Amino acid sequence: MNSLLENRVVEIEKIADDMGLDYYPINYEVVPQETMLEVISYGLPTRARHWSYGQSYEYQKMQGEMGFSKIYEVVLNNDPSYAFLLDTNSDIANTMVSAHVVGHVHFFKNNYLFKQTDNKMVYHAAERAQRIENYIQRHGIEAVEKIMDIGFALDRHIDWHKGPNRTRYKKGEKYFKKTGFDDFDDVFETRGFSHKEVAVKNDFPPFAEFDILWFLVTYSRVLEPWQKDVLEITRQESYYFYPQYMTKIMNEGFASFIHAEIMLKLGCVEEHEYFDFCKIHEKVVQPGSNKLSINPYFLGFSIFTKIREEWDEKHKNGESDIDGLQRIYQIVEDEDDISFIRNYLTEEMAKDLKLFSYKKIKAANSVDAIEVIGTELDKIKETIVKDLYNYRSPLICIVGLEDGILQLEHTTVSIGTLDVKHLEIVMKYVYDIWGSPVNLKTVDSEGHIIHYTCDELGFSE
Amino acid sequence: MSEIPKAKKSLSDIWKLKQRGKRDSDRHKKLINDAIKKNGKDLITEYNIITSDGDKKIKIPIRFLDRYKFKYGKLKDKGKTGQGLDVKPGDKFRLRKRKEEGGKPDKPSKEEGEAVFEAEVTIDEIVDILLKELNLPWMEPDKSSAIEVETEDLSSIEKKGILPNLDIKKTLFENIKRNAAKGSPKIGGINENDLRYRNWETNKEYHSNAAVYLMMDRSGSMSEEKTYIAKSFYFWMVQFLKRRYQNISLVFIAHDARAFLVDEKDFFKVSSSGGTLCSTAFEMAYEHIQANHPPSSWNNYVFEFSDGDNWGDDNLRVLEFVRKLLPLVRAMGYGEIVPEGDFSPWMNEENRLSAVLDREINRTRFVSIRIGSREEVFDALKAFFNVDNSAKKMVGGV
C-alpha cells in the first residue's frame, strides 16, 4: 500500500468514526490480480485445498481475461478484518474501495446474521486446513478429496436456527406414543394395566432434521474420526458463508451508500480525481444495461438512499428521534435481504426503477423470449426474494429411520423437481457415509410421489 | 485499531497465496486428465470432438467433475424481476445474446440448472492420452517412417573455390581472427589466407510424408450411425498420423457401385443409390498411388469402410487389388460396420468381404476389422495401428 493510500485510509476511518460506524480493525493489502483471483476462488483464503477451487480459479481467470468481470475488492468477515485491493486500480479507485470496505466491515460486525458467525474464522480455517493437510499426508489426497466432495455436496443443508454447534438429541426429545395394548393383553386380560409409553418406530430423529451433515456426522457408525472432522469443517464453513448469501443486496447496497458518504466528506481528494470517482461510483451502482436482472448494488443503494431521505425528513419535522443514517444502522442490524425487500421496497421506488416481473417463454421459431407478468409490487418482491431461501437449494430433511433405511424427504416440491443425475450421486454419497440404505421421497414432473433408493445394489427409483 | 500489529510480511505471503490457485488448478487438471483417460473410449466418438477442426481448443463435458448437490432439475417458472423498462402485462420481448456487464459481479452468476462443467482441452492433449492408452509408443516422428532423399546444398566451407561462391561473412571473420592473433582485432589487409568459399554438398534429407486414403462405401445401406462410426475412426486415424508425419495428404474416395474422388465435406454424405462394389475404391486408390504417391517418397495408408453388403463376385476383385496395393502401402485395412441385429438374410457369413479378406490376406500389413458399435471404434483403431507397428518391426521402414 503506498503512503498516499495509507494516509487516505487514516482519514477515511476518521470520517467513519465520526459517522458512528462501528467496525472491526481492518488490515488492507494491495495485491496483484492473480492473488485477487485466488482470494475470490477460495472465499476464505486460509481454508483447506480442494480441486474445485482450482476450477473456479480457472473460471475467474477466464472471466477476467475476457473482460467480463472487474473485481475491485474482497473483504473477509473476521476480527480483525482483512481487505484485499487490486494493485492495478488507480489510487482514487482504491480510495473509494477502502471506504466501501468500511461499510462491509460495519455490516459484518452489526448485522444479526453475521453476529452469529465465527469472527475468528480466518484463523480457525487455517488451523482446520492444517488438520486436513495432515489427513492428506496420512490417508492420501484421493481419500480426503472424496470426503470433501461429500461435504460440499451436502453443505447447503444446514439449519440456521439451530446453529452450527449442537449436541445430540436428548432422551426427552423423544416422542412417545401411548399404546393401548400389549401383544399379550388379550391373553392375560390385562387391559389397562400395560398402558406404557414406547418409542414409535419413526421417532428417530425426533423431528424432521434439516441439518443433514450434522445428523450424519453425529449418528453415522461407519465414519472414522478424521472423516467426521472433515465433514464438520465443511459444515462450519457453510454456516460462516450463509449470511453473505442472505444479505447480498443489503450488504452491497450499504457499503456503496457508505463509500458515497465518506467520499463526499473526504478532503484529500484532488479535483480531477473526484471526476474519476464519480465515474467509478456510477458504474458500481448503475442499474446495468441488462434489463432482465437487477444489480444488487444498485437496488440496495437505491433503497438505502430513499430511507435516508425519508428519515432525515422525519427527524427534521420532529417525528423521529433518529435521523436517516441512524435508521439505516438499525435496519442493517435487524434485517436480511428477504425482510429488507419485503419491508423497504416501496411502490414508489418500484415505479421509479421501472421494475417488472416476467417469465420466460418460447417464441415461435424457438427463440428465447420473455413475457411481462406485471408491475404489481407483491409479485416483484416475491420474484426478487425467491432465490434467497436455503442457498437456493431444494429443502431436504431426514424424517426417520425405517427398518434401518434412512428416510429423506424433499419438502419444497412446489418449486421444482430434483435433478436426477445429481440426485443419484448425492444419494450414493449419503449411503457411503451413513453405511445403510437411503430412501428419498419427492415428486416427479407430473406431481406423482416417487421414491428413490440407494443401497448396496446402487441407485434406483 | 491499535491492536493489529503492522504486518511485516504481507498476508498473501503468510497465507501462501500465489501458490494455492496454481496448486489447485493443477490438481483440477490432473483430475480432468484422469477422467478423460478413464473415459477415453467414450471420448473417441464424442460428437464435439470429431466435428471440431482439430486445431482449436474444444470443450467436452466432464460430468464426473461437477460439484454434486441436491438441486432442482426443472423449476416451475415463478418469474423473475427486470428493471428499467416501461412495460405492461402481456408485453413480449425476444432475447438477444448479450455480454455480461454492470455492477461488479464477483461471483459467476449461474442460472438454475448450472451448466455441466466443461473442460477445455486441445485435441493434442486428448491424442496424448489416447495414444498412451492405446499403448502405441511409436507415435513420435521416427527415422523409420521418414524417407531419405538426396539433395545438393551449398553448405561446406572450403579454402578453395570459385569467386561467386565466396562466403563474405566467414572471410571477414577469418580476417578479424588473424588480426586479433596479431593484437588488433579489426578488419583490414585481407589476403588469400582469409578467403572462404562455400561448396556444394550432397545432403540426405528425410521426408516425412504420408498419403492417407480414406475410402467409404456410401451406398444406401450405410446408415447415419455407420457413417458416424467411420467418421470417428477416420478422425482419430488422421490425428494420430499427424503426430508422425510432417506432411499428410488426404485422399477421399467414396463409392457405391462406382468410385469417386471427392473432397472432405462431401465424403460423409451418403448417396441413396444402391449397389456396392468395394473393389472400385481399391482400384482407384491403386491407380492414384501409382500416379501421385510412389512409396519411394510416401508412406501410404489405405483404409476402406463398408457394411459388408458387397456383391459376391466383387470380393475376388477386391482381393486382387488389395494384393496389388500391399507392396505400395505401409498399412492397409478394411473395416466392416455391422451393428448387432443388422444382417442381410441372403448373405452367407463366409462370403462377407471381411471374412474373405481375413482368410486370404497375409496379416503383415493388412487388417480386417468388424465393428458392431461406437464402443468398438477404440479397439478398431488399436488393431489398425498395431498392424502399422508390426509392419515397422518387420521391414524396418519403407
Side-chain angles (χ1 to χ4, degrees), chain A residues 25 27 29 31 35 37-38 41 45-46 49 51-55 57-59 68-72 80 82 152-153 284 286-292 294-295 297 353-359 363 367-374 380 383-384 386 393-394 396 416-419 422 425-426 445, chain B residues 1-4 7 10-12 15 17-18 20-31 63 65-95 98-109 112-113 117:
Chain A
N27 267 322
E29 183 165 341
V31 299
T35 310
L37 292 180
E38 278 188 10
S41 315
T46 50
R49 62 193 288 186
W51 60 264
S52 61
Y53 304 132
Q55 182 178 320
Y57 178 70
E58 290 295 317
Y59 180 85
F68 279 165
S69 68
K70 181 145 173 72
I71 291 132
Y72 289 91
Y82 294 96
F152 288 135
V284 171
Q286 70 179 342
S289 62
N290 186 353
K291 306 290 183 205
L292 299 182
I294 301 181
N295 173 4
Y297 292 75
L353 306 179
K354 296 181 181 172
L355 302 184
F356 61 91
S357 52
Y358 68 89
K359 63 181 184 196
V367 185
D368 278 332
I370 59 150
E371 181 178 340
V372 174
I373 301 171
I380 287 168
T383 52
I384 292 177
K386 76 170 169 40
S393 295
I396 287 172
T417 55
L418 298 179
D419 179 323
H422 277 249
I425 307 275
V426 181
S445 52
Chain B
M1 281 301 305
S2 54
E3 80 261 33
I4 354 167
S10 72
L11 288 172
S12 39
W15 293 343
L17 300 178
K18 296 172 187 163
R20 302 180 146 234
K22 168 91 172 61
R23 177 196 60 193
D24 285 1
S25 62
D26 284 351
R27 176 71 188 153
H28 178 228
K29 276 177 197 146
K30 185 187 176 296
L31 289 175
R63 294 185 183 88
L65 273 190
D66 232 343
R67 267 189 165 197
Y68 290 97
K69 305 265 183 204
F70 283 123
K71 64 176 203 177
Y72 291 114
K74 230 182 160 165
L75 283 170
K76 288 184 188 141
D77 192 357
K78 303 241 171 170
K80 292 185 165 209
T81 306
Q83 48 121 6
L85 286 179
D86 287 306
V87 292
K88 53 183 191 308
D91 284 354
K92 287 173 188 161
F93 299 95
R94 190 165 293 174
L95 298 184
R98 56 182 303 288
K99 267 174 84 176
E100 293 171 43
E101 56 175 294
K104 48 168 236 200
D106 58 1
K107 280 265 173 246
S109 61
E112 305 102 0
F117 178 72

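These figures come from a predicted structure and were not determined experimentally. In the text below, chain A, chain B and the rest are named by the order of the sequence lines, each starting its count at 1.
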Over all atoms of both residues, closest heavy-atom pair of Q83(B) and F356(A): N-CE2, 3.4 Å
For a quick test of reading the model, state the closest non-hydrogen atom pair linking P89(B) to I373(A) and the distance between them. CB-O, 3.3 Å
Counting heavy-atom pairs under 4.5 Å with chain B, which one of L353(A), I396(A), T46(A) comes out on top? T46(A)
Rounded distance [0.5 Å steps], CZ in R23(B) versus CZ in R49(A): 4.5 Å
The criterion is ring pair (Phe, Tyr, Trp, His ring centres under 6.0 Å); which residues satisfy it with Y53(A), sequence neighbours excluded? Y42(A)
Indicate yes or no: at least one non-hydrogen side-chain atom of F70(B) is less than 4.5 angstrom from one of H422(A). no
Rounding to 0.5 Å, atoms NZ (K386(A)) and NZ (K80(B)) come to a distance of 6.0 Å
Here the gap from Y72(B) atom OH to T417(A) atom OG1, rounded to the nearest 0.5 Å, amounts to 10.0 Å
Of all heavy-atom pairs linking R67(B) and S52(A), the shortest is NH2-OG, 2.6 Å
Heavy-atom pairs under 4.5 Å with chain B are the metric here; pick the option from S445(A), G54(A), S393(A) that has the most. G54(A)
For the side chain of R20(B) and the backbone of P45(A), is there at least one donor-acceptor N/O pair under 3.5 Å apart? yes
Heavy-atom proximity to chain B below 4.5 Å, by part of I380(A): both
Nearest heavy-atom pair of Y57(A) and S25(B): which atoms, and what distance? CD2-OG, 4.0 Å
For T81(B) versus Y358(A), what's the shortest heavy-atom pair and its separation? C-CE2, 3.7 Å
Partner residues of D91(B) under the side chain to side chain contact (heavy atoms under 4.5 Å, CB included) criterion, sequence neighbours left out: V372(A), V87(B), K88(B), F93(B)
